[in-house]
Amino acid sequence: QLQLVESGGGLVQPGGSLRLSCVASGFTLDYYAIGWFRQAPGKEREGVSCVSTSGDSTNYADSVKGRFTISRDNAKNTVYLQMNSLKPEDTAVYYCAAWWAGTNQFMCTMTSKRYDYWGQGTQVTVSS
């Protein structure tokens, strides 16, 4: 069974940090670009960040640039999202997703409809 599982969410005060993990099971992430998305109550899902299969190319939403860092460890079949300087507006359910990129090592996208597999999400709440 192909599955993505996110973890690492929780309640944090403004200015705090969290690291989200996305672990794949049932398949290898080697040929998949990975995206992180989030959805706040009453809002549309938005792309947060993505990373290419090689890890050499990344992209970030303007709202998180300089605060969030995406990385991947293919040996562990895991992708991370380090979130620093968190703000209340970062509160949302965060999802990871996998997009088959094949041999294209340097491309990723934050267009959600390109993605093939999705995790169940992890809640991030930033509040004092």
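The structure displayed is predicted, hence computed values, not measured ones. Side chains are part of it too, since the values below use all heavy atoms of this structure and drop only hydrogens, waters and symmetry mates.
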Requested in this report: Among I34, N77, T58, find the residue that satisfies the side chain to side chain contact (heavy atoms under 4.5 Å, CB included) test when tested with R72.
Outcome: I34

**Report entry** Considering all heavy atoms, the nearest S52-C108 contact
**Finding:** N-CB, 3.9 Å

Report summary line: Heavy-atom nearest pair, A97 first then F37, reads CB-CE1, 4.1 Å

Report task. Please name the pair of heavy atoms, one in N59 and one in S49, separated by the smallest distance, quoted to 0.1 Å. Result -> O-OG, 2.9 Å

Report task. Measure from the side-chain N and O atoms of R67 to the backbone N and O of S85, and report whether any donor-acceptor pair falls under 3.5 Å. Result -> yes

Requested in this report: Please check if atom CD in E89 has more than 12 non-hydrogen atoms from other residues, nucleotides or ligands closer than 6.0 Å.
Outcome: yes

Query raised in the report: Between W100 and Y31, what is the ring plane arrangement, given parallel below 30°, perpendicular above 60°, and tilted in between?
Result: tilted

Query - Over 12 non-hydrogen atoms of neighbours within 6.0 angstrom of CZ in F27 - result: yes

Requested in this report: Give a yes or no on whether V79 and F68 share a hydrophobic cluster (residues Ile, Leu, Val, Met, Phe, Trp, Tyr; joining criterion: side-chain heavy atoms under 4.5 Å apart).
Outcome: yes

Query raised in the report: Quick one: do L29 and W118 end up in the same hydrophobic cluster if we chain Ile, Leu, Val, Met, Phe, Trp and Tyr together by side-chain heavy atoms under 4.5 Å apart?
Result: no

Query raised in the report: If Ile, Leu, Val, Met, Phe, Trp and Tyr residues are connected whenever their side-chain heavy atoms lie under 4.5 Å apart, and connections chain through other members, are Y95 and W36 in the same group?
Result: no

Query raised in the report: Looking at Q123 and T91, what are the two nearest heavy atoms and their distance?
Result: NE2-CG2, 4.0 Å

Query raised in the report: Between the side chain of E6 and the main-chain N/O of Q120, is any donor-acceptor distance below 3.5 Å?
Result: yes

Requested in this report: Check the pair K87, D90 against salt bridge (charged side-chain N to carboxylate O under 4.0 Å, His left out), reporting the backbone distance first and the verdict last.
Outcome: CA-CA 5 Å; K87 304 175 181 180; D90 295 318; over 6 Å; no

**Report entry** Backbone N/O of T109 and side chain of T111: donor-acceptor pair under 3.5 Å
**Finding:** no

